[in-house]
Every structure is written in C-alpha cells, then in structure tokens.
Amino acid sequence: MAVLTFTPEGIYCPAGDFHIDPWRPVPRALITHGHADHARPGHGAYLATHAAGPVMRHRLGDIALDWIAYGETRRIGGANVSFHPAGHVPGSAQIRVEVGGEVWVVSGDYKVEPDGFCEPFEPVKCHAFITECTFGLPVFRWRPQSEIAAEINAWWARCAAAGQTAMLGAYSLGKAQRLLAAIDSSIGPILTHGAVENTNAVLRAQGLSLPDTIPVTPETKGKDHPGALVIAPPSALGSTWARRFRPVSTGFASGWMQLRGIRRRRAADRGFVLSDHADWPGLLQAIRATEAEKIFVTHGYTEIFARYLRSEGWDAEVVPTEFTGEDLEEEA
Amino acid sequence: MKAFATLFTALDETTKTSVKTAALAEYFRSAPDDDKLWTAALFSGRRPKRAVTTTLLREWAAERAGIPLWLFEESYPIVGDLAETIALVLPETETPEERSLSFWISELLTLSQVPQEERKPRILSAWDRLETRQRFLFNKLITGGFRIGVSQKLMTRALAQATDRDESELAHRLMGDWTPQTTSWHALIEAEDAEAPLSRPYPFCLAHPVEDGPENLGPPTDWHAEWKWDGIRGQLILRGGEHFLWSRGEELMTDRFPEFARAKDVLPDGVVIDGEILAWDHATETPQSFANLQPRIGRKTVPKKLLKDAPAILYAYDLLEENGQDLRDRPFDERRSRLAHLLENQPDHSPLRLSPELAFDSWDALASQRKSARENRAEGLMLKARASTYHAGRKRGDWWKWKLDPLTIDGVMIYAQQGHGRRANLFTDFTFAVWKGNELVPFTKAYSGLTDEEFGQITAWVRKNTQQRFGPVRQVKAVHVFEIAFEGIQASPRHKSGIALRFPRMARWRHDKYAAQANTLDDLQELLSLYG
C-alpha cells in the first residue's frame, strides 16, 4: 500500500491518519513551513519544527501546535515521521514518512544552495520523493548568492549617492531576512515594512541574528533617512505607502527576475535573481541524492519537468496540488 | 561588447525616456566610431543579414546545453524570446572574451559568406566566448528585432545631444538606404552634406489624432482639410534623372511599383512629393479598396495581371522639394499651391493625382462631410494648418488626423495563446467567434486593447478554464464577450467566417454580456455589405 496518497484535502498518510500541508481543514496536519500556501488555518492539530512554529503562531493565531526537532523520529499511528532541513526558510522541513520499511519524503519547498541564514538542505534517501518544481526548466540557473548580494549592495550604494531611496521587494517571511543577513548593512540605514518587521521580530525572538532595522510607521518620512534601503513585500512597491520615500529606485528579488519579460512587466527598476526555491540543476541534484525510484511533482512546471524525468529513466508523475511556489505577488 | 551590453541594460531597466536618452547620448559620446555606427543602424531597424535559421540555432543550443530539443522548445514560449532562451540554457562560459560590438557583427557578416558546414562551429565558438548577457545580445543580432523601447526619434535626440547637431538635420541624415557597410560614422553624421545620396528621403511629417472634436483648433479658415486615405504613405523622389519611392517605414519600394517610372515623363527633375499610394480605378477615377492594394505590398516583382487589376497611383498631398530646393520650411499653403500647379493637366497615364481639398466653412459642416468618409474609401479626415512647416516626425499642433470611429462587433473568446517578450506568461492572443445558429464561428484574432491588469485577470481565468490544448493554443469555455473594434471589413474566402477585419483590437471587455448575447454571423455579413 502507498505510504502517502493524494486526496482532495491534500497529501494523506493512511497508516498514520494525518495530512501534510493540507489545503482543506483536517484533524491532524504536519506542516513543512510557515508560508501561507503550506500552513493554512482551520486544522485540528499542527506539527512543525521548533524553528517554523513561532511564525505559524504569529500568522495563524492560537492553533493547537506541537513541536518537533529536526531528525527526531516520532511514531504516529502506524507511521514513523521525521523532519529534515529543506533550506527554504528558517524552520522549513522535508517530511520523511516510513511505513513498514517503505520511505516516502515530501519536500515542501526547498533550495539546495546554503544561504548562510536558514538550516541548509539535507538530502534524505527514500523510495518515493514528492517534490516541488517551481523553477523546473533549464533556463533557471541561479548564480551564487554572494554575486547577487554584491549587485544589490552596488545598487543601494548608487541610489544612496544619487539621493534616492532603494526600495527592495521581497517576501516578508524568508526572503526578506535572507537579504538582511546577506547585504552590507554598513551602506546605510535599513527600514522595514510592517509585514517584514513583524516576521523579523518573531525570528529574532527565536535567536536568529539580523542587522538592526527601523520599522516604518505612519509618521516615517523618507527625508529623515537619507541613503536608506527599504525592504517591503512586493505588493507595497508602487503603493501609496511607498510614496513617502520618493525619489525611489525599486528593486525586486525573485527567481522570476531571471526572465526579462517578467522583469519588465513587474516595472521594478531592478530585478535581482534570488530565489528560495531550487533551480534546474538544484532540483536534479536533490532528486538524484534521494535515490528514489518514484518521483511525484507537485507544483511549478510539472508536466515538462515530469516528462524530462521520465526521459531520464525515472518513474515520474504529476500530482496536482494547491501549492503556489514562488508567486510574483504577496499581500502586504 | 561590454559597453554595448551596459547600454542595453541601462535602456532595459528604465521606462523613462529622459534616462534612456541620457544613456544613449553617453554611449554616443564615448564608444568607438564603428560601434556607434552599428548602434545607430540597429536602433533604426538595420541589422546584419541573418546567416543561420532559427531552427538550426535551436538545435545547436539544445545540443550544446545537453538537453533534448523538445525541452528547449517547451522552454522557449515560457521565456518568450529565442535569443534569451538560448543564452539561458547554454552552460556558463569559463573564458569570456571582451571584444567590440563591431567585432561580433563582423563575425556574423563573415558567417553568411562561409559554407553552411562552417557556420555551426563558428556560432558554438562565439557562444563559448561570451558571458550570458553578451551572449543574449549576440543572439539578438542574429535573430533580429532589437525592440527595447528605443524609437528612432529617441535615438536621434540622443545623437543630437552627443554631437551638438540639430535633431531634424540628423533625422534626415539617418533616412534612406545606408548600412554600416556603405558608409562611415563621419560620412553619415559629421561630414558636410554636399554629397548626400540622391535617393535620401525626408523624414515624414506625422499627425496626431484629434481626440474630442476640432473645435479647439481655432477658426476653420486656418485649416486645410482633405480625406485621410486608406493606402500606403509614400514619398516619391525624382532626382538626377532617377526615381525612388519610399514607404513611411523607410523601405525602398521603387521596384514594387513600376508605375512610377512614368513619373519622370510627366514631372520635372528635382521634385519630392509626399502622398498616399492607392490602387486606382482609372475608369471612374476613384480609389480601389485597401484590400486590392494589399497583394502588391509584399511582392518584389508584380505579375502582369495584378498590375492591370490594381494599378497604383500616388495621391499627392505635399510638395517637399522643387527644382532641387528643400521646401519644408515654407508654409503648407504655399507648398500645396505649388503642388497643385505642378500637377495641373496630368495626362491620363500619369501615376499621380492631386488629393482634393475639402471645402468647409464651419467645423459642423466638416463633421458632416466626415460621416461620408467610408463611402469615399477614406478612413476619416486630415487637418493641416495652412501656415505650418513640414515637420520631421510627430509634432503636436499642426497636423491632425480625425478618423472615423471604428466599427465594432461583440465576439465570444474561444481560444487563447500566450504572448511573447514582455507579455510572455500572459495570455494576450485571443480568437473570437460569433454565433451561427448554435455554433460559434471564429472570425478574428486580437492581441491588444486591454490593460495589463485585465490581461492578468483573463490569464488567471484561462488557466482555470482550459478545455483542450492544441500545442500552445488553448480552447477555453465560451463565456467572455469582448467588443472588437476594427477599421475595415472585407470578404475573405480563406477564413471560415468568410470575412477578414482590418486592425482588429479589443475595445472593451463586456462583463455585462453573456456569451449568448454576442453578435451573429448575420450581423457581420451586414457590416460587410455596408462597408466591404
């Protein structure tokens, strides 16, 4: 019998009677990480890593949340489950489920390049691997984070010299903090949008170290912070909220910025190619490392990616899910 | 090519005209002459001849990247640009070389002279030597189409800033059939202009649309009115005993319209005339429809029958040069009366006619004349200030086009396809249908007219409501009704609906209508009988 099945509620383990990242309310949910398309409200009980939990509490309120350490094995019904770093955002996990010697792994979202901030990705051997493929096309290949950070620093410094505010769009959980940790905070003051700062506060409280940031309040004026970098959710760029920082140069950090058409459509002045998802070589490397024979791809360029895997000898199929991967928009 | 790549990035990263102009001007101040010349050529639509087909490029790129060709082909529409797709799939180069723009272009020029089998190793070697951004530009040079929001006008302005020369003089210098191989930076831009080529046309004067009515233009007596003809804008040049016919897109059309060889018999030398090329009915002395002219546009040589069925004339409306003298600074009234005088007593076989002036004593009277434009095979009216000079390009205030409102029909969207370039990943290319009983008959495609936000909405909808896929085309649920605006309608046996539309676009998304409330094929046929 299959260790995991795919139901209208989400990925389900019959032996343990639990779901993983379900999109409809279920009695017991194991959660890979705190992003809204994976950690949804309304479940009876939640299980997540110690590092993922606080953000979920912050976002979902007073949920019935149980904690687990990376690598700790827990028996749930007839299944042994354990959580392993996915390298996506702080606390993110791949979930390993073993039933009667058969091992399946749900990747959640992941990237293989260590970002110096969240727990680095750890390959887990398994028989079946359920993987995302947000960027599952050979045109997506990331350059090292250090090069992108240098680009951002140079842009920020140029903005500061030209009397402009550098305003960088990044998802408020994960990308924003990864950027904070990677950039050169000596260039100038760093201001943050409320959505970013709230997450900063949660992560600082659990011991992660971030450079000092100044939260933007209704009273904040751009001219009081010359040479500043402002980090805000993508949807805040170009909003009335952003006006106080004029003149601004806008930047957007996302894997999608690899494509010129999308970069131009976003109408940000600068696009920085930085993603918390695996690129094409990263996906293939992760899949090989699992030594799995059976691959399920859940979201992204699923049809194309699965076809490629089949042509390379894997038993691969597409499983439709309601995960969204790296979306171009995020609510502020 | 680093300087050119930096220029490209600077142009690509901004939508602000002033920033683009400054970046280009800076480049024109600092780059070597050969690179500047090629840059001016590229941004005015001149590019090296393509030596390799895109089919071969795709195969070689897939092979070099170590991926199956189908995977390359699947990636291409998602990226939306072939040059970019190739640049992104190729392995990163370990030993990038820094060479000039003109070096790489000369490599491409050499390519078309070497045997086919030598082309592949040369392209692969170039890819190996270029870093990703330059590789993209190199591919762009091969595949053509440098569309990055730099108009010829913007480039001319940048050139003017960089060289301290007059913008309209430069615009004139950039006209005509030069290429970087036939001229030099000095000869094109800097040299005293004594030896300008005989064939060089003047920059066309362009009109702005009248947005509300013409009432704000002042007294009607200050204005000359004529029909806005539905043909091809053309400039006929008679100089040094030769004749040249240019299109507005600066294409030399002399050979396509052999009728104009006769112009030398009926007009003196040293004359340049601006007008509209039309297929002409010599029996009734009236224009034929644009549809009759259309088969002549694409043909380099014209079959006898076509020449007989659709003979072309130039409906002349402006005189730019007489006795070898540039008249563009003279008032329109004077140019017009000299033109009328020049064209007096033309013999029947002359390929020129004077576009008639429309007399009117009030804007109201002109408005009622405008209503009969379609019956006169015109798209509307042109208004030209009697005192105005002949401007280079589009300058507000002196020339206005007052077109008819477009025809419209409500169609149901039945197929959708993703766009290219900036619109890749958005569904922007749609097919629309009208009702024939219970059946939906496709009658047109349309790509433009919606806002980015509306394209976003319809894209999300298409993803969720796809019923069937035919390659890149998706059949969607017949739900959404759009008002399709178009400029003309004609019978077309090649189309299932039996009609073809001119300049169709989406005027409005009719959220207020159900699919069943869209128009019918009978409605379309009625428009055809009225206006076809």
Side-chain angles (χ1 to χ4, degrees), chain A residues 133-144 147 151 154-155 158-159 162 164 238 247-252 255-273 279-281 284 299-312 320 322 324 327-329, chain B residues 8-16 19 61-62 64-92 131-133 136-137 139-140 147-149 418-426 428 452-453 455-456 459-460 463-464 469:
Chain A
C133 62
T134 305
F135 292 107
L137 286 182
V139 294
F140 295 108
R141 243 180 359 216
W142 313 144
R143 284 186 292 130
E147 286 181 25
E151 270 179 21
W155 164 70
R158 225 174 18 248
C159 290
Q164 288 175 315
V248 293
S249 174
T250 52
F252 185 35
W256 293 112
M257 294 299 103
Q258 175 88 330
L259 302 186
R260 182 169 164 252
I262 295 178
R263 203 161 64 224
R264 283 154 62 91
R265 200 165 64 239
R266 271 300 306 191
D269 297 310
R270 291 294 305 266
F272 301 103
V273 186
D279 61 359
W280 172 262
L284 296 177
H299 58 289
Y301 293 103
T302 48
E303 302 286 346
I304 300 172
F305 192 61
R307 181 176 167 195
Y308 178 75
L309 291 178
R310 284 193 295 271
S311 79
E312 293 289 297
E322 293 183 18
T324 54
D327 212 333
L328 278 168
E329 299 298 337
Chain B
F8 181 86
T9 305
L11 296 172
D12 205 34
E13 278 173 3
T14 182
T15 51
K16 293 190 188 82
V19 178
R64 192 78 188 77
I67 56 171
L69 184 59
W70 70 262
L71 181 56
F72 182 90
E73 299 291 359
E74 291 281 358
S75 303
Y76 168 35
I78 293 161
V79 176
D81 182 294
L82 183 62
E84 187 182 350
T85 312
I86 294 173
L88 292 176
V89 298
L90 293 173
E92 215 153 297
E131 55 92 16
T132 307
R133 196 173 54 154
F136 163 66
L137 292 170
N139 295 339
K140 272 284 183 203
R147 264 186 289 173
I148 51 164
Q418 294 193 355
H420 275 79
R422 199 180 82 88
R423 312 207 301 181
N425 278 3
L426 280 183
T428 59
D452 278 3
E453 196 185 341
F455 277 127
T459 295
R463 294 218 168 98
K464 289 197 195 98
R469 293 178 192 216

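Just so it is clear, the values below take in all heavy atoms, side chains as well, and ignore hydrogens, waters and symmetry mates. Protein chains get the first letters and strands the later ones, always in sequence-line order, with residue 1 at the start of each.
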For A:Y308 and B:E74, what are the C-alpha separation, side-chain angles and deciding distance, and is it a side-chain contact (heavy atoms from CB on, under 4.5 Å)? CA-CA 11 Å; A:Y308 178 75; B:E74 291 281 358; over 6 Å; no
Taking every heavy-atom pair that is under 4.5 Å apart, which of A:G271, A:P138, A:S311 has the most such pairs with chain B? A:P138
Answer with side chain, backbone, both or neither: which region of A:Y301 has an atom nearer than 4.5 Å to a non-hydrogen atom of chain B? side chain
Using heavy-atom distances under 4.5 Å, tell me whether B:F72 contacts chain A through its side chain, its backbone, both, or neither. neither
Measure distances from B:T85 to the heavy atoms of chain A and classify the residue's part below 4.5 Å as side chain, backbone, both or neither. both
Say you draw a straight line from CG of B:D81 to CZ of A:R260; how long is it, rounded to the nearest 0.5 Å? 6.5 Å
Without swapping roles, check the side chain of A:R141 against the backbone of B:L88 for a donor-acceptor pair under 3.5 Å. yes
By side-chain contact (heavy atoms from CB on, under 4.5 Å), which residues pair with A:V273, not counting sequence neighbours? A:W142, A:M257, A:Q258
Under a 4.5 Å heavy-atom cutoff, which of B:I67, B:T9, B:T14, B:D12 has the most pairs with chain A? B:D12
Side chains of B:E84 and A:V139, heavy atoms from C-beta outward: is any pair under 4.5 Å? no
Test side-chain contact (heavy atoms from CB on, under 4.5 Å) applied to B:E131 - qualifying residues, sequence neighbours left out: B:T93, B:P96, B:R133, B:Q134
A:I304 and B:W70 have their tightest heavy-atom pair at O-CH2, 3.6 Å
